Each structure stands twice: as structure tokens, then as C-alpha cells.
Amino acid sequence: MKFVQFVASFISASLTFCATAQETAPAEPAQAEPAKPNFLIVVADDLGWSDIGALGGEIRTPTLDALASEGMVMTQYYVAPTCSPTRAMLMTGMDNHPAGVGTMHNLATENQTGRNYGAQLHDAVVTLPEALSAQGYETFMSGKWHLAIDEDQQPQNRGFQRSFVLLPGGASHFGDMKPLSPTEPAEYLEDGVAVELDDAFYSSIAYTDKLLNYLKTRDKNKPFLAYLAYTAPHDPLQVPNDWLDRYRGAYDSGPDAVRAARVARLRDQGLFPKEASLWQPQPFPSILPNAQDPWDDRDADERAESARRMEIYAAMVELMDEQLGRIIDYLRQQGELDNTYVIFFSDNGASSSAASIYPDSSPEWVEENWSLSPADFGKPGSFTVMSREWAHVSNTPWRLFKAAVAEGGIRSPFVVRGPGVSAATFNNELAHASDIAPTLFELAGIDPGTDPLYRDKLQPTGVSLVSVWRNGASTERAGFGVELFGNVAFRDGPWKVSKIRAPMGNGQWELFNMESDPGETENLASQHPEILQDLIAKYDAFVEENGVIHPINPFTPSPRAFYPSKCDLLCELRFYIVDLLPQPN
């Protein structure tokens, strides 16, 4: 009997305990929110479209090629014709004019005034790092800023919690801090404090070192935005001593042969139509020192000097790629790469100009402060440029160069790798530098339309590319306009209209079908006047919507600005005579 009472008491107690436990047991933990993605944005400076291996280039770029094989290459990604306008679009998600950079610093004409032409950001825009920082992101950058004249627009005051930056558009890549022009000193800041460089400094390596340090010392519980803004391969073309001969002899066949090989690879990859024509630059008139003989007709010294320029340029590109590889390797080792969107592009096409192109510079100032000797190419103190014929190769298969609204100036290589991005994919949807911020906002769960940070501020106008990256869907982008230095264009679907001033163009409206003629070789304006007028009207609407002010007496470089070598007295006299001649508008 006692045993039965014991069993009954035990069962009763057990039931009571279970009931109590059910009442007091903690609720099942809520499903954890998926981790917000990290963002690594990498911008090269003056890199041509086909310089990377994934786009037909012969330069060794294993890091970028691996990112391309693991992600997506967008083949119709557009930027501004020069650097700071592109960076303004990246930072704000809108056209460069309302963002404050309607033209370059010191190049606004007398009629270009107001907020759109301050050559810097302004307080009516919200920047990408400001928006992400407000949502718990750690934000840091290393490299070129080029978006501030005033202190309040420097990166430490525009959302970056850590920053190591070169403020102006460029400088020597070494620690000597030699400027590109007499009125733009090489100013470096870390977190807003001026710093001097040491003798070991080289831009691509130092920028990478800083970014790695910021990555290693951040709060690992927070997502991050990292912006790596290389100044390679912007001139002056320079590399450390152990990189000077990495491409020795690689370009001895000359620019035409190298370009033909790139075109062949692009056609084989289906990236340039087999039946499409290639644009060919018009040769300089024989009166100009710029005029050059065919490659095989030049003497050995002339060929060696020209090839050497491209050797140094290629070494700069490979070194940049190697440094980016250090960042990728670190993220992979930390187990963070697969939750990081890595975005790579160039701010504009390759440059065809000489050292004296920069505002307030002159051939005399350049020769007093820099070496133009072929014996010094690539070394500290040398202002080496790639020259027009090699810039033409770098921008293969497109027309013209940096500063032009033709494809060679505004179509950029673009690679993205990240969560859900289709791997080993070439995508030909239209995309634009103003689309990056809206894309990252969608991925981070930010809605500028309701975000209090955007109250009384300008809204982004770019479109999100998330559906393109993840499933190849079409974008909502209907078209976009471009204007700089009075050169104008509008791209809408397969059609593009443009008007390019001298010396790069004839100042007349031209119409191109970008599907059948992406090389812009056949002007169809007379065949399709209705399409021409429709696109001109759309360009006019773009002007109205974005506060574009066409310049009076716009910046027009002399042919002297495209002569890459040292000029003797006879050479200068020939340029002087040409400058006296009437120039086309």
C-alpha cells in the first residue's frame, strides 16, 4: 500500500513540476535576423575598359579575374568623363550636377555658378557612408577623395568614421608628395589631420595597408562599408623599383598589334560583335609634333620610348590588382568574404593627355619640377604618361578617351561579387555610377523615401541593381544624360546621341545604334532624324532636371596638352603656330 501511495505521490509531483516548467520555461528564441552584408567598393583611377584580363586585356590581373569568375561583369556600366564627377555620383546616388560637381575644380566658367558648380559635395545631399553609418555600419575609406574644397566636405565630415585620403585629384605615387600642378598641393589627411608621408610610401601599397588596418581594428559585430580609392593607374605612371621591368618587352610589337589581339579576344568572348567596326583616331596633322610615323617606320629609340610607357602602365595595373588581392585574402581568411559585396570599377577611361593638362600647369612648370626623360620613366620624380596611342589600346574597343562623352571616356569595367550574385556571368544591362548607392541601400534595408536622414535633402535618382545581380532581370533605368566641359550625350536603350567639341569632336550632334555599332563609327543622324530629335529632347529634359549650365568659353585644351614628351624650341614653335590658327567650336 505504501508503495502504491509513493508511486501516486511521485506521479502527482512530476505532473505538477512539468506544468510549472511549461508555465515558466523561456519562449523559443526568435529567429536571428540575417546578418547585414558588408560592402567593399574599389575604384581605379583612369583605367581603360579592356585592361583587365576578364575583358580581353593582356595585363596580369588575377585578383580581378577571379572576382569576375565568382561574380558578374557588367559590360554596359557608365561613369562620368572625369574623376570627381563620378565619385560624386557614387557617394550620392544622383547625377554629378545636383551633387555639387557639375565641373572640375578651377574649370567652371563665368556663367557656371551656384551649388551645382562648387566642385565639391554640399549639405543638401546625403552620402552613402552617412546613410549606412546611421544604420549601424562601420565606415572607412583609403585613397583619393577629390570631393572637397572646404573642410566640412572632407570624408571625416561626410560619414567616414576612419579615413586616410589624398584630397586633390592626384599627385606623385611616392612619398615625395610632388603635386600635379602648382596650385594643387598633395594634401594627405588621416581622420581629418594632415600627415606627411615617409620615404617608403607608394600609393597602392599604402592605401591597402591603411584599409587592412581599419578592417582589422573595427568592431567585428558590425557590418562595414570599406571604400578603397586607388590612384593607380592615374599619371604620373610610377612603380617601385622591383616593378619597373615586369613588362619589359611585352609591348615591343606596338599599339596596333596589341589592340588587334585584344579585339580578337573580345570578339571570341562575344563582348564585341564580330561584324562591328572599330573606331580609329584621326592622325595628327603633320605640322604638329604629335604626328607619328607608323610603328614599323619609327627608329628603335622611338619605339622603345613608346613601348616603355605602356610597360610602366601595365605594371601599375598589376600591382594594384595584387594589392586588392591582399584585401580579398584577408576577408576570406576571416570568413567574411561570402557576406561581402565586392564592387570594382574605374572612374573614367584611360587618359590621352600630357603632364601639362592640369589647371594652372604649363609645359615650363612641368619641366622645372618633373623629369620627362625616358631613362627615368616610372621612377620617383618622373612624370610619365601613357600617350594617346596607348590610351587608345587601353580603351579598346571604344572611341576616344578620358574627358570625352564617347564610350572610351564613360564606359567603365565593372565587376561585382557577393551574396546571391550570379557567378561567371557577363551582363549587358545598362547601369550607371548613380545606381551603386540605391543598390547598397536596398541590400542594407534603407529606404531614403522614409529615412529621417533624408528629410529636406535631395533624394537619390539612380536605380537598384539588386535584381540584375541576383537573377539577371532588366533594370528600371530608362536612360541617362552626360555633360562635362560642354560635351553632351544621352543614352536610351540601344540609341545614343552625343555632341563632342573640338579637339576631340566636330561639335555636331551624332546618333549611334549601340547594339549594332558600339564602336560609334557610323553617325545615323541623317537616317533617323526622328530618333535624333527624341534623344535631344530627352537630353534637354535631363538638363532641366539636373540644373546643368552649359559653359561659356569652356575649357578647350591645346594640341600641346596631348604631346607626351619634352618639347624643344622648334617643337614649341610649331605648337605656337597651330594655336594661332582658327579653331572649330
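The structure displayed is predicted, hence computed values, not measured ones.
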Quiz item: Hey, mind stepping through F160 and F140 against ring-ring contact (aromatic ring centres under 6.0 Å, His included) and telling me if it holds?
Solution: CA-CA 5 Å; F160 284 107; F140 35 85; 8.5 Å; no

Quiz item: Hey, is the main chain of D123 close enough, under 3.5 Å, to the side chain of K457 for a donor-acceptor pair?
Solution: yes

Quiz item: So, T384 and R309: side-chain donor and acceptor under 3.5 Å apart, yes or no?
Solution: no

Quiz item: Donor-acceptor pair, Q120 side chain versus D150 backbone, under 3.5 Å?
Solution: yes

Quiz item: Are the side chain of S346 and the backbone N or O of L47 linked by a donor-acceptor pair below 3.5 Å?
Solution: yes

Quiz item: Taking all non-hydrogen atoms of both residues, which atom of L331 and which atom of L40 are closest, and how far apart?
Solution: CD1-CD2, 4.2 Å

Quiz item: In chain order, what residues pass the ring pair (Phe, Tyr, Trp, His ring centres under 6.0 Å) check against F401, with sequence neighbours excluded?
Solution: none

Can you list, pair by pair, the side-chain donor-acceptor contacts under 3.5 Å of residues 101-110, counting residues two or more places apart and other chains?
unit_1 : atom_1 : unit_2 : atom_2 : d
T109   : OG1    : N111   : OD1    : 2.6
T109   : OG1    : Q112   : OE1    : 3.4
T109   : OG1    : I552   : N      : 3.4

Quiz prompt | Heavy-atom pair of closest approach, residues A186 and A171 | solution = CB-CB, 3.6 Å

Quiz prompt | Exam field: side chain W145 to backbone Q153, donor-acceptor pair closer than 3.5 Å | solution = yes

Side chains of residues 539-549: which donor-acceptor partners sit under 3.5 Å, not counting sequence neighbours?
unit_1 : atom_1 : unit_2 : atom_2 : d
Y539   : OH     : H550   : NE2    : 2.7
N546   : ND2    : F542   : O      : 3.0

Practice problem: With sequence neighbours left out, write down each residue that passes side chain to side chain contact (heavy atoms under 4.5 Å, CB included) with D219, or none if nothing qualifies. | Solution: E138, N221, K222

Self-check item: Non-neighbouring partners of F174 that pass ring pair (Phe, Tyr, Trp, His ring centres under 6.0 Å), sequence neighbours left out
Solution: Y202

Quiz item: Can any side-chain N or O of D235 pair as donor or acceptor with the backbone N or O of L237 at less than 3.5 Å?
Solution: no

Quiz prompt | Side-chain donor or acceptor of S362 paired with backbone N/O of W365 under 3.5 Å | solution = yes

Quiz item: Counting only heavy atoms not in D198, do more than 12 fall under 6.0 Å of its CG?
Solution: yes

Self-check item: Residue pair Y313 / S394, side-chain donor-acceptor N/O under 3.5 Å
Solution: yes

Quiz prompt | side-chain hydrogen bond (donor to acceptor under 3.5 Å, both in side chains) partners of Y78, counting only residues at least two apart | solution = E407, R411, R491

Exercise. Give, for atom CE of M320 and atom OG1 of T231, the distance between the pair rounded to the nearest 0.5 Å.
Key: 10.0 Å

Quiz item: Quick check: does any side chain N or O of S356 sit under 3.5 Å from a backbone N or O of S361, one acting as donor and the other as acceptor?
Solution: no

Quiz item: Is the closest basic N to carboxylate O distance between R87 and D45 below 4.0 Å?
Solution: yes

Exercise. Using the test ring pair (Phe, Tyr, Trp, His ring centres under 6.0 Å), find all partners of F383 that sit at least two apart in sequence or belong to another chain.
Key: W370

Self-check item: For S353 against F562, the heavy-atom pair lying closest together
Solution: CA-CD2, 4.0 Å

Quiz item: If every non-hydrogen atom of V125 is compared with every non-hydrogen atom of P98, which pair is closest and at what distance?
Solution: CG1-O, 4.1 Å

Quiz prompt | Ring geometry between F164 and F201 (parallel below 30°, tilted from 30 to 60°, perpendicular above 60°) | solution = tilted

Quiz item: Out of K144, H146, M89, which one pairs with D347 under the side chain to side chain contact (heavy atoms under 4.5 Å, CB included) rule?
Solution: K144

Quiz item: Taking only residues two or more places apart in sequence or in another chain, which ones pass side-chain hydrogen bond (donor to acceptor under 3.5 Å, both in side chains) with Q161?
Solution: S133

Exercise. Please determine which of F344, W49, F414, F480 meets the ring pair (Phe, Tyr, Trp, His ring centres under 6.0 Å) test together with Y77.
Key: F414

Practice problem: Give the C-alpha distance, both sets of side-chain angles, the deciding distance and a yes or no for side-chain hydrogen bond (donor to acceptor under 3.5 Å, both in side chains) between T183 and D360. | Solution: CA-CA 7 Å; T183 56; D360 304 312; 2.8 Å; yes

Quiz item: With D191, which residues qualify under side-chain hydrogen bond (donor to acceptor under 3.5 Å, both in side chains), at least two apart?
Solution: R162

Quiz item: Residues in side chain to side chain contact (heavy atoms under 4.5 Å, CB included) with K538, at least two apart?
Solution: F490, D492, D534

Quiz item: For T63, does its backbone N or O pair with a side-chain atom of D321 as donor and acceptor, under 3.5 Å?
Solution: yes

Quiz prompt | Polar side chain donor-acceptor pair, E151 to N157, under 3.5 angstrom | solution = no

Self-check item: Exercise: do Q156 and Q154 side chains pair donor with acceptor under 3.5 Å
Solution: yes

Residues 206-213, side-chain donor-acceptor partners within the protein, below 3.5 Å, at least two apart:
unit_1 : atom_1 : unit_2 : atom_2 : d
T208   : OG1    : S204   : O      : 2.7
T208   : OG1    : Y230   : OH     : 2.8
D209   : OD1    : R326   : NH1    : 3.0
D209   : OD1    : R326   : NH2    : 2.7
K210   : NZ     : E190   : OE1    : 2.9
K210   : NZ     : E190   : OE2    : 3.2

Quiz prompt | D435 versus T439, side-chain donor and acceptor atoms under 3.5 Å | solution = no

Quiz item: Considering all heavy atoms of both residues, which atom of T127 and which atom of E130 are nearest to each other, and what is their separation?
Solution: N-OE1, 2.9 Å

Practice problem: Mind checking side-chain hydrogen bond (donor to acceptor under 3.5 Å, both in side chains) for H234 and listing every partner two or more places apart, or none if nothing turns up? | Solution: none

Exercise. Locate the shortest heavy-atom distance separating N339 from K36; write the atom from each residue and the value.
Key: ND2-O, 3.1 Å

